[in-house]
Protein chains: 2
Amino acid sequence: MDRAVTISQVAALAGVSTGTASKALNGRGALRPETRLRVQQAAEQLGFVANAAARSLQTGRTYTVGMITTDSIGRFSIPLLIGAEDALGAGQMSVFLCDARDDPIREQYYLRTLLSRKVDGIIVTGRRTQARQPIGRDLPVPVVYAFISSADERDCSVVPDEADGARRAIRHLLAVGRRRIAHVTGPEHHHSAQVRAAGAVDTLAAEGLGLATPVLYGEWSEAWGRQAAGILLSTGADVDAVFCGSDQVARGLAEGLRDAGRAIPGDIALVGFDNWDVMVDGSRPALTSVDMDLEGIGRSAAEMLLAAINGEPVHGHQARPCRLVPRASTAV
Amino acid sequence: MDRAVTISQVAALAGVSTGTASKALNGRGALRPETRLRVQQAAEQLGFVANAAARSLQTGRTYTVGMITTDSIGRFSIPLLIGAEDALGAGQMSVFLCDARDDPIREQYYLRTLLSRKVDGIIVTGRRTQARQPIGRDLPVPVVYAFISSADERDCSVVPDEADGARRAIRHLLAVGRRRIAHVTGPEHHHSAQVRAAGAVDTLAAEGLGLATPVLYGEWSEAWGRQAAGILLSTGADVDAVFCGSDQVARGLAEGLRDAGRAIPGDIALVGFDNWDVMVDGSRPALTSVDMDLEGIGRSAAEMLLAAINGEPVHGHQARPCRLVPRASTAV
DNA sequence: ACTGTCAAGGAAATCGATTGCCTAGAAGCT
DNA sequence: AGCTTCTAGGCAATCGATTTCCTTGACAGT
């Protein structure tokens, strides 16, 4: 069963010492090409794979990073995970996944475990309404925050530029000829809702325009979207487009408007936020939406972590632009 | 900067040898309680955390498992991940996350890395239309398949009992007084579609009934559900309930039926499959659905892996029952 | 022929924690 | 007192790979 091949077996087969075998396999030292080859073949033949524990004990590097999702692993974490795992895997690093479930105790527990495992770095991710407290002070390894941001400005945080997303949504609506734009979004206390709303207002202001109605704050759900449709229509406001704070809100709104006999995009054009496939494709018509490129954020965070591990830390908040994906709900 | 605290520093502070310190911290050997306490306090004071690499080099155990998702991390993998991570975290094990993206080469690469890291075990998960080939032969560590199953019957696979899910759906519809039941589902070549359809047919047969129309195979999408509504109505078949192969199909169907003026559940009751929150809650009315308890499957797979690691391997396929979650779409 | 240089590879220390074996001293027994 | 039996805890080997010296032996230069 447990037939772990060690480097001394490889060395014995190749007729060299373990030290020489190590050098041969790692391309170090001064060896005859012929010897190097003999060792490599022996390793191949025995199926030798170096014991990572032994190696890291000696070198101090583990080629391992920890990834802590502070809230549960959810819809937003997955693309981040994938992106990070992608960038790290290419650098031969493995990822420890830790799901802290919004529990500070679990979080600290995981932090301890990761440190005891001597990870080379840590990525902290998750969904939060506000910037979060740093996960620890004076940690012996670099930390990068992805999607959420650290309250400490010196920490490296990679976040989507949500104001940019809002700007793109509004510009797009203006470009397709809409002028009387409303904004329906999530809870007012939610940072994303605030930033997106402000971004929308600012962009309109730059064109000498304003929102057609005050911002409608609610929750991040389809139900609220449907409800908002009623509110919007009952105000009698003359609206020819709605920028929604999320795809779910937009989908609900679309349903509500359709039920009330409004044509989309004929009467009212619609833009969502998140570019969540099941929502944008399930909506009728398909939903134009703002994509935050979460996978790119995950990848980018991982790259910055790698840089920090290699002694070139990046500090401060990195805001990454969004992308607008046009679909039928804003077709001309 | 932070020089890691080693056990010899703890030993020095407590005035004992490293061996004694180790025994004190691990509850081994014969030590005076007073000595044990002194060491523990010293460790506490210095913030000592044992170097996992050194420990595992000595003990051969790493308290680490690998989790390979064969297809990309998706909607189905998340609950599995969470469940497994939950069960393993409680046992102090850490999880290496590997996303093989349906690429056999990546898969083998990850397998190699995991083995070099001397993981104690491996969980293989992912979505497949059929049972998959075993990930390796004669591996030095136990492997458990979660959600997908291994083609080798001797391997341990934890899977949902989808026929059971179908049975529960049909029984529920019968219980609320429906008799003329149709079935709309995904692609015919998909294993899940087949099993669920067969389960539905068998359950009806046991009551001396049959499906009101032949099974409607299509794809796992809302669009197909909407389309199927049209097909179903155009056949003129007298149907008072539809069991759908997925929540997306059900949601599409619900929309299609509503558009055609049919009342749900008044005219036609609806049951979905997956119990996917955004679908069941977004549907109007909220959708009764079959829950495969993916988190339970993940947890269960992890527990079996732990058992195997402890020398009590479980072999064969473990089918876990589903759960029906009633909502408004089948209200009486 | 003698010395200096260099290439090739071996020997052994090292990383940090665990653990089997051993010993000094205390306690128990006759 | 003399002997045995514990007990508490120290010593040193060990895990596997890396790495820093060292030691060869070959060869060139004078």
Side-chain angles (χ1 to χ4, degrees), chain A residues 2-40 42-43 46-64 92 112-113 115-120 140, chain B residues 2-40 42-43 46-64 92 112-113 115-120 140:
Chain A
D2 262 359
R3 34 139 205 191
V5 180
T6 72
I7 201 170
S8 31
Q9 295 175 35
V10 173
L13 179 59
V16 297
S17 72
T18 64
T20 305
S22 170
K23 288 168 195 159
L25 295 172
N26 294 297
R28 269 178 252 277
L31 302 187
R32 241 178 312 167
E34 166 200 328
T35 310
R36 206 176 284 279
L37 188 64
R38 212 169 62 243
V39 174
Q40 280 162 354
L46 296 176
F48 168 76
V49 187
N51 181 321
R55 167 178 291 156
S56 78
L57 182 56
Q58 164 66 22
T59 62
R61 279 286 303 266
T62 54
Y63 292 92
T64 282
Q92 315 266 28
R112 269 178 73 93
T113 333
L115 292 179
S116 97
R117 291 189 188 278
K118 296 279 179 286
V119 293
D120 294 335
Chain B
D2 252 39
R3 203 81 214 105
V5 180
T6 72
I7 201 170
S8 30
Q9 296 174 34
V10 174
L13 179 59
V16 297
S17 72
T18 65
T20 304
S22 170
K23 286 167 194 160
L25 295 173
N26 294 297
R28 267 178 253 278
L31 303 186
R32 238 180 311 164
E34 165 200 330
T35 310
R36 208 176 282 280
L37 188 65
R38 211 169 64 241
V39 175
Q40 281 162 353
L46 296 176
F48 168 76
V49 187
N51 181 320
R55 167 177 292 157
S56 78
L57 183 56
Q58 165 66 23
T59 62
R61 280 284 305 266
T62 54
Y63 292 92
T64 281
Q92 315 267 26
R112 270 179 72 93
T113 351
L115 293 180
S116 96
R117 291 189 188 277
K118 295 277 178 288
V119 293
D120 294 334

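Every chain is numbered from 1 and lettered A, B, ... according to where its sequence line falls, protein lines coming before strand lines.
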**Message:** Under 4.0 Å, counting only non-hydrogen atoms across every strand here, what does A:Ser22 touch: a base, just sugar-phosphate, or nothing?
**Reply:**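 Base, at least one base atom sits under 4.0 Å.
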
**Closest listed nucleotide, where the reference is the side chain of A:Ala54 and the choices are D:dA17, C:dT19, C:dG16** =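 Among the listed nucleotides, the one closest to the side chain of A:Ala54 is D:dA17.
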
**Asked** Which residue lies toward the 5' end of DNA chain C, A:Gln58 or B:Phe48, if each is placed at its nearest nucleotide?
**Response**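 Its nucleotide being nearer the 5' end, the pick is A:Gln58.
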
**Message:** Nearest 0.5 angstrom please: A:Arg61 CZ to A:Arg55 CZ, how far?
**Reply:**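 Atom-to-atom, A:Arg61:CZ and A:Arg55:CZ are 11.5 Å apart.
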
**Atom pair CZ/NZ of B:Arg28 and B:Lys23 - distance to nearest 0.5 Å** =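 Between atom CZ of B:Arg28 and atom NZ of B:Lys23 there are 11.0 Å.
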
Starting at [atom1] of [X] and ending at [atom2] of [N], how long is that distance when rounded to a whole Å?
| X | N | atom1 | atom2 | value |
| --- | --- | --- | --- | --- |
| A:Leu25 | C:dG9 | CG | P | 14 Å |
| A:Ile7 | D:dT19 | CD1 | P | 11 Å |
| B:Asn26 | C:dT19 | CG | C1' | 11 Å |
| B:Leu57 | C:dT14 | CG | C1' | 12 Å |
| B:Asn51 | D:dC15 | CG | C1' | 13 Å |
| B:Arg117 | D:dA17 | CZ | C1' | 15 Å |

**Request:** Evaluate the criterion side-chain hydrogen bond (donor to acceptor under 3.5 Å, both in side chains) for residue pair B:Thr64 and A:Arg117; output intermediate values, then yes/no.
**Result:** CA-CA 10 Å; B:Thr64 281; A:Arg117 291 189 188 278; 3.0 Å; yes

Under the side chain to side chain contact (heavy atoms under 4.5 Å, CB included) test, residues paired with [X] that sit two or more places apart:
| X | result |
| --- | --- |
| B:Leu37 | B:Gln40, B:Gln41 |
| B:Arg112 | A:Val49 |
| B:Leu13 | B:Ala42, B:Gln45, B:Leu46 |

With distance as the sole test, does [X] use its side chain to make a donor-acceptor pair with the main-chain N or O of [Y] at under 3.5 Å?
| X | Y | answer |
| --- | --- | --- |
| A:Asn51 | A:Ala53 | yes |
| A:Asp120 | A:Tyr63 | yes |
| B:Thr18 | B:Ile7 | no |
| A:Arg38 | A:Ala14 | yes |

Got a list of protein N/O to nucleotides 20-24 of chain D N/O distances below 3.5 Å?
| residue | atom | partner | partner atom | Å |
| --- | --- | --- | --- | --- |
| D:dT20 | O4 | A:Lys23 | NZ | 3.3 |

**Message:** With a cut-off of less than 4.0 Å, is there a side-chain N or O of A:Thr20 near OP1 or OP2 of C:dG10?
**Reply:**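 Yes, within the criterion.
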
**Message:** With a 4.0 Å limit, can you tell me whether A:Arg28 has a side-chain N or O closer than that to the phosphate oxygens OP1/OP2 of D:dT19?
**Reply:**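 Yes, because at least one side-chain N or O of A:Arg28 sits under 4.0 Å from OP1 or OP2 of D:dT19.
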
**Message:** Tell me the bend of the helix from C:dA1-D:dT30 to C:dT30-D:dA1 as the angle between end helix axes, each from five pairs, rounded to the nearest 10 degrees.
**Reply:**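 The angle separating the two end axes equals 60°.
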
**Request:** Give the intermediate values and the outcome of side-chain hydrogen bond (donor to acceptor under 3.5 Å, both in side chains) for residues B:Ser116 and B:Thr113.
**Result:** CA-CA 5 Å; B:Ser116 96; B:Thr113 351; over 6 Å; no

**Request:** Kindly state which residues belonging to residues 30-38 of chain B come within less than 4.0 angstrom of DNA chain C, counting heavy atoms of the residue only, listed by number.
**Result:**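 Within residues 30-38 of chain B, no residue comes under 4.0 Å of DNA chain C.
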
